[in-house]
Amino acid sequence: MNAESNWWGTVDVTQISNKIYDKIDNTLLPLVNFSRFLGAPGGNPHGIMVLGGTISENQVWEEALSPYLIFGDVTVAAGYNLTIEPGVEVIFMGLYDLNISGSLSAIGQSGNKITFTSVRRSEGGRDWDRMVLNTTSVLSHAIIEYGTNAVYTSENPTIEFCKFQNNYRGLTLYGNASPQANNNRITRNDIGVLVDLRPEHNPAAVINSNYLYNNNFNLYTTTNSTDCSSKLIAAEGNWWGTEDPSAIEASIYHRPDNALLPFVNFDNFLADPVDYISITGVQATPQFYDPTNGLFNLSYNLEIASNVRVDIFDYVTKQRVKALVDGQSRSQGYNLETWDGKNDTGEYLPAAVYTYKISAQTPEGGEGEYNPWYYTGTVDIQNGAIAPASFDPYSGEVADITYDLVEPAWVTLKAGVNGAPTSTRTLIDNKPRATTDNIDKWDGRSDSGAISGNGNYVVYGWTTLLPDNTVIIESTLVVSDLVISPYAIFPEYGDIANIAYDLNADSRVTITIEGLAGQTIKTLADNEFVPLGEHNILWDGTDETGRLVTSPGNYKVRITVRNLNGIEGRGAVRHLTVFR
């Protein structure tokens with residue numbers, strides 16, 4: 001479907017693509033070609049659509065026509081050359097390859113790099129597949145990000161002065177691959193460099209003068225379960241982010257980890273390079289941040305005076321929401337940045353999880369970044385308690401589940417009969433929680449809203465570590481002591497449910513009656529101002545039209561609270577039963 005030459009309200013390809021539901025979202029649908037999108041209403045067109053297929057002519061991808069949108073596997077045929085100019089952005093629109101059977105000349109400039117990226121730009125990569133390079137390929141001064149295998153070769157290309165970041169595998173070397181891989185920055189990938197060998201292979205790769213650091217594995221070797229222990233991988237003269245040999249060793253997977261694997265020689269590793277700017281001592285407080293109560297403080301130490309960027313990103317979408325510091329000069333040593341919780345347009349951001357990145361650069365070309373790789377793992381739950389130990393849901397009683405965490409984490413909690421194979425109720429599902437003073441509640445009902453029978457119940461759960469560079473925006477508003485009396489009503493006989501709740505601060509309150517599927521049956525309060533303290537509201541069993549609800553069964557009462565700046569706090573949900 002042709003949708004060229006339109007203004008989409010932005011020139012960000014990711015945002016444009018997210019506004020279109022087509023083949024990218026569902027393979028049964030047609031593909032929408034939105035290339036040549038306008039830079040403004042009535043503005044100049046941008047973007048070239050590159051459909052999958054074979055390039056059988058010499059081509060130049062020009063900066064003036066950038067970006068190039070890849071909608072399928074593309075092959076440069078033998079005997080033909082693809083030249084990519086400095087400043088070009090190549091955006092893969094799906095899990096596609098760029099295969100070089102002819103030759104590739106992708107030579108950027110230090111201040112005007114070529115970028116190979118994904119339209120989704122999701123953390124951890126895997127959004128496009130790979131560039132397959134042959135001996136006649138030259139890749140220089142390029143950014144390669146958000147790919148699965150990113151750059152893959154079994155031959156001898158030249159790869160230099162490139163930045164590999166946020167890929168699953170940054171650089172994959174297979175077979176006899178012997179590239180010249182020098183002066184590259186390979187960071188924040190699951191695997192920085194993967195070397196895949198067989199006994200018959202004898203690679204002579206030159207992997208030196210690179211910065212290999214802050215990857216899950218900086219270098220990883222693998223075989224097809226055959227003995228390659230006699231092989232040696234030369235990886236001397238690289239900077240591994242540390243001068244501690246044991247720390248370097250721990251970042252490499254090779255013969256000491258598996259007797260069948262080759263040995264990686266990382267001798268003569270570089271000391272702290274002069275163009276690597278160390279950013280240390282990063283402290284962010286408070287991690288759980290309510291903009292109503294003051295500023296978020298981000299402090300750090302710079303190895304040398306630098307121009308600094310500090311960006312805030314939405315954790316889920318990975319989109320930047322705030323340029324907190326935009327290339328401003330900062331001194332050597334201690335620096336402090338503050339943030340008011342607003343986005344680039346001056347609006348308070350909604351309650352959600354965000355991440356921050358600190359980048360430093362000098363006029364001489366030095367670079368540094370604080371954007372730690374996210375290592376998943378569990379976190380111990382401590383000091384768990386349930387009070388009261390015995391409670392009666394028929395009387396509207398609610399149990400408080402309190403606990404601490406060793407570190408902030410995503411938390412899932414469930415309640416169920418001790419020894420039963422399945423849970424009765426999911427209390428919270430993958431919600432961020434702080435290290436101390438966590439309180440969640442259970443009203444004694446199951447996921448279906450039914451009151452649980454008498455028995456010995458347990459609360460159990462699991463956790464996942466939050467990334468080190470997260471900040472969670474949420475209001476300190478809390479709905480406490482939400483009690484519904486009686487627990488069941490006969491509306492036909494005039495029964496009315498009293499919904500009593502307590503607020504710890506002035507709030508904007510929304511109260512809805514919902515079906516178990518989440519559909520709204522009736523709105524009792526819609527973003528109404530309610531002062532702190534105890535309050536109540538009544539429900540007579542009617543829907544929005546004023547008629548009695550037709551279906552007997554269990555319903556939810558949901559209270560949502562926002563502070564006066566619109567930031568959501570901790571609401572509450574309870575069940576009640578309607579009889580007919």
Side-chain angles (χ1 to χ4, degrees), residues 73 75 95-101 123-135 137 144 146-157 159 164-181 184 186-208 210 212-238 240-241 245-267 269 373-378 464:
D73 294 337
T75 298
L95 200 65
Y96 304 129
D97 296 347
L98 175 59
N99 300 296
I100 308 300
S101 296
E123 195 76 14
R126 301 178 176 87
D127 286 343
W128 55 280
D129 193 0
R130 61 186 183 176
M131 286 191 290
V132 181
L133 304 184
N134 60 4
T135 298
S137 298
I144 303 99
Y146 303 113
T148 302
N149 294 294
V151 173
Y152 178 98
T153 186
S154 60
E155 298 189 38
N156 312 322
I159 304 167
F164 294 79
Q165 59 190 21
N166 298 313
N167 302 289
Y168 177 53
R169 303 182 184 104
L171 174 60
T172 297
L173 308 180
Y174 175 76
N176 294 315
S178 301
Q180 299 289 320
N184 300 293
I186 304 174
T187 182
R188 288 187 56 75
N189 308 282
D190 192 43
I191 296 174
V193 176
L194 175 71
V195 181
D196 190 358
L197 286 183
R198 305 293 180 267
E200 65 272 16
H201 296 152
N202 292 289
V206 178
I207 307 172
N208 58 37
N210 300 288
L212 279 152
Y213 66 96
N214 200 24
N215 303 284
N216 195 3
F217 285 99
N218 289 330
L219 196 152
Y220 193 100
T221 63
T222 185
T223 74
N224 60 346
S225 299
T226 53
D227 190 350
C228 290
S229 59
S230 63
K231 306 293 183 181
L232 179 68
I233 306 299
E236 300 176 272
N238 294 293
W240 301 87
S246 62
I248 298 174
E249 174 68 50
S251 75
I252 299 172
Y253 189 78
H254 61 145
R255 193 165 67 206
D257 305 290
N258 183 326
L260 296 178
L261 295 176
F263 184 79
V264 175
N265 179 13
F266 59 84
D267 288 346
F269 53 84
W373 181 263
Y374 175 31
Y375 296 94
T376 59
T378 59
T464 304

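Just so you know, these numbers come straight off a predicted model, no measurement behind them. Along the sequence shown, residues are numbered consecutively beginning with 1.
- Contact check for Asn149 versus Asp129: side-chain heavy atoms found under the 4.5 Å cut-off.
- Side-chain contact between Met131 and Ile100 is absent, with no heavy-atom pair separated by less than 4.5 Å.
- To the nearest 0.5 Å, atoms CG (Asp227) and CG (Leu197) are separated by 11.5 Å.
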Steps toward side chain to side chain contact (heavy atoms under 4.5 Å, CB included) verdict (Asn134, Glu155): CA-CA 5 Å; Asn134 60 4; Glu155 298 189 38; 3.5 Å; yes

Step-by-step side chain to side chain contact (heavy atoms under 4.5 Å, CB included) determination, Leu173 to Ile233: CA-CA 11 Å; Leu173 308 180; Ile233 306 299; over 6 Å; no

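- A donor-acceptor distance shorter than 3.5 angstrom exists from the side chain of Asn238 to the backbone of Asn210, with no hydrogens or angles considered.
- Distance OG1/Thr148 to CZ/Arg130: 10.0 Å, rounded to 0.5 Å.
- Looking at heavy atoms from C-beta onward, Lys231 lies out of side-chain contact with Thr223 at the 4.5 angstrom threshold.
- Side-chain contact between Phe164 and Ile159 is present, with at least one heavy-atom pair separated by less than 4.5 Å.
- Between Pro256 and Phe263 the shortest side-chain heavy-atom distance falls below 4.5 Å.
- Checking each of Val195, Leu194, Thr153 against Thr172 for a side chain to side chain contact (heavy atoms under 4.5 Å, CB included) leaves exactly one that passes, namely Leu194.
- Rounding to the nearest 0.5 Å places CG of Asn215 at 11.0 Å from CD1 of Ile252.
- Rounded to the nearest 0.5 angstrom, Asn99 CG and Tyr152 OH are separated by 11.0 Å.
- Atom CG of Asn167 and atom CG of Asp127 lie 10.0 Å apart (nearest 0.5 Å).
- The backbone N or O of Asn202 sits less than 3.5 Å from a side-chain atom of Asn176, completing a donor-acceptor pair.
- Ring geometry for Tyr253 versus Tyr220: interplanar angle under 30°, hence parallel rather than tilted (30 to 60°).
- Note that the NE2 atom of His254 and the CG atom of Leu260 stand 14.5 Å from one another [nearest 0.5 Å].
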